[in-house]
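Everything on this sheet refers to the single structure shown next.
Just so you know, ligand 1 is whichever comes first in the structure, and atom 1 is the first atom listed for that ligand.
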Amino acid sequence: MFATSERREGAIPPVLYLSAEVAPLSKVGGLGDVAGSLPAALAALGVPMVIITPWYQGIEERVPLARLPIELSVPLEGRVERFLVGRAWLPSGVTVFALANDRLFGQPVIYDEPRDRERFFAFSRAAAEFARLFPPGIVHANDWHTALALVWLHRWFDDRRDGPRHALVLTIHNLAHQGITDIGYARRLGFEAEELLFEEWQRYPGTINVLARGIHVADAITTVSPTYAEEIQTPEFGEGLDGLLRYRREALWGIRNGIDVELYDPATDPVLPARYNAEHLEGKVHCKRALQAELGLVEDPTALLAGVVSRLDRQKGLDLLLEVIDEVIARGVQIALLGAGDPELGRAFQALADRSPGQVSVRLGFDPVLARRIYAGADVVLLPSRFEPCGLGQLIGLRYGAVPVVRRTGGLADTVQEWAGGQGNGFLFDAPTPAALLEAMERALAVYGRPHEWRLLVRAAMQSEVSWEGPAQQYLELYRSVASARSSMLAPAQR
Ligand code: GLC
């Protein structure tokens, strides 16, 4: 089944893409969207992509999964965990291998703190064992959840020091989560503590750091926008790993995310009450009215409707919005918020909705269909993030003609340009303060007050480049470079 195919000169070997989330099977945030769409874009360029992900209970209801006669045994904390393997195909045709273990992943949840360390460390080991069944190619891990797979593979190459090996790629979607745990745990995972220890590079002495180790052993590291790739090399954004990232800067790539522009297309999206495109915006007017009705907002076509579709998390800067929200709504702005996460933020927004009926609507939870109706009905989308590796909300907003009002950071800075002199596609602010956010809103309101100009802006937003086309070419180039570097050496580079 895994026989090496004839390899053309310069062809990309198989890429095993490891992710904790893969939409539409499993999704909590942007990682799921990326893992569900980037491999398809690469497959369309001829890259043999294979996704490896946990088999969370219930995903077999979303896609037919066939059990394979493969069992993986991995040692964990003195026990042996067995993983079974199922195979499925995404709607895009990309193959997915789902690794099943009832004890660890037999619940219908993706993340399950505080068990995640054990769950994902075991999964990563199983994924590394599985990767050994494939001919040498590229193993591409995402975030701390799967970074340990690279560390295992690297160690096994080190042990053998000969023969072909997989090239190792790690993508950082969010540096705030690193898989940090106590040193004692290293031994229970089967490592000597020093193998995972990183005194030199990190801020918590006496801990192991799985993401840091992954960054250390990877042949290439990517993050999800060019600006974030620069930012994480500074103490302000480096989350304690800026020194390590500076050390590996030659191997660090910043490639912005894209979105699936077929799925996210206001001209065809079946969940919208009306469809539209950049030339014919009447459908968007209809979507706005329908959204106002659906959410119990006053059905006023002239009120600027601001959508917020977000995880409720300090990263996203929604506390900044809370601080100025009274001033924002005093200017007649309507707010439609959909999000899940921090219960305290959720309660604060809910209280606000209760005291501003008709003007503020808050839905706490996860609802991908309502999310698209918000993007279609909203005039602007707000992303006041403190940091933002890429951000997908502004990309979807652009696609649906909801003009982004964003903080100039990470991927937001790379994808949104200030509207001025008929150029640009949104509004930006620099300081992470309520006042700066309010000022950007004022600029948006001023243009909104000039309907002809606003239409030009909406059109420009909708014509912004948000697809995977360009980024997938960059990943292709990256895969080519690591594959050719790998085939020109037998043992891993000594660092
Ligand atoms: C994380 C980041 C977000 C990024 C997404 C996908 O959720 O916070 O900025 O867009 O990963 O890469």
Side-chain angles (χ1 to χ4, degrees), residues 17-24 26-42 51 53 110-111 116 140-147 169-179 211 214 221-232 237-239 241 252-261 263-264 308-318 339-342 366 368 371 375 381-399 404 406-416 432 464 466-468 470-472 474-475 478:
Y17 190 88
L18 277 40
S19 178
E21 304 174 30
V22 182
S26 52
K27 176 183 142 165
V28 170
L31 172 62
D33 283 310
V34 170
S37 54
L38 170 61
L42 284 160
I51 298 173
T53 193
I110 298 178
Y111 301 113
D116 284 346
H140 185 162
N142 290 280
D143 277 351
W144 76 268
H145 323 110
T146 50
V169 176
L170 175 66
T171 293
I172 301 167
H173 295 262
N174 194 333
L175 200 54
H177 305 284
Q178 300 179 0
L211 186 71
I221 305 119
T222 79
T223 189
V224 290
S225 69
T227 295
Y228 193 60
E230 294 300 318
E231 287 172 342
I232 58 179
F237 292 95
E239 302 281 351
L241 297 183
L252 177 60
W253 298 50
I255 305 176
R256 81 142 167 89
N257 286 333
I259 55 170
D260 178 342
V261 291
L263 174 70
Y264 293 114
V308 181
V309 179
S310 180
R311 273 185 291 124
L312 304 181
D313 182 307
R314 199 186 131 74
Q315 170 192 346
K316 300 293 179 179
L318 296 176
D342 181 5
F366 186 69
Y375 288 115
V381 282
L382 295 180
L383 288 98
S385 307
R386 286 202 167 70
F387 68 95
E388 196 60 80
C390 179
L392 298 177
Q394 84 281 18
L395 302 180
I396 306 171
L398 288 167
R399 180 84 177 140
V406 306
R407 171 135 193 272
R408 193 188 315 275
T409 184
L412 299 172
D414 291 330
T415 53
V416 182
S464 304
V466 296
S467 79
W468 276 113
Q474 290 174 279
Y475 278 102
L478 167 108

* **Contacts of W144 that satisfy side chain to side chain donor-acceptor pair (under 3.5 Å) - sequence neighbours left out** => none
* Mind checking what residues have non-hydrogen atoms under 4.0 angstrom from ligand 1? -> G30, L31, V34, H173, N174, V224, N257, R311, Q315, E388, P389, C390, G391, L392
* For Q394, all residues meeting side chain to side chain donor-acceptor pair (under 3.5 Å), sequence neighbours excluded -> T415
* Do D143 and H177 have side-chain atoms, one donor and one acceptor, less than 3.5 Å apart? -> no
* To do: Kindly state each residue pair satisfying salt bridge (charged side-chain N to carboxylate O under 4.0 Å, His left out) with at least one member in residues 27-37, sequence neighbours excluded.
  => K27-D33
* Asked: Using the ring of each side chain (for Trp, its six-membered ring), is F387 parallel, tilted or perpendicular to Y228, with breaks at 30° and 60°?
  -> parallel
* Check each of R256, K316, R407, R311 against E388 using the salt bridge (Lys or Arg N to Asp or Glu O under 4.0 Å) test, and report the only one that passes. => K316
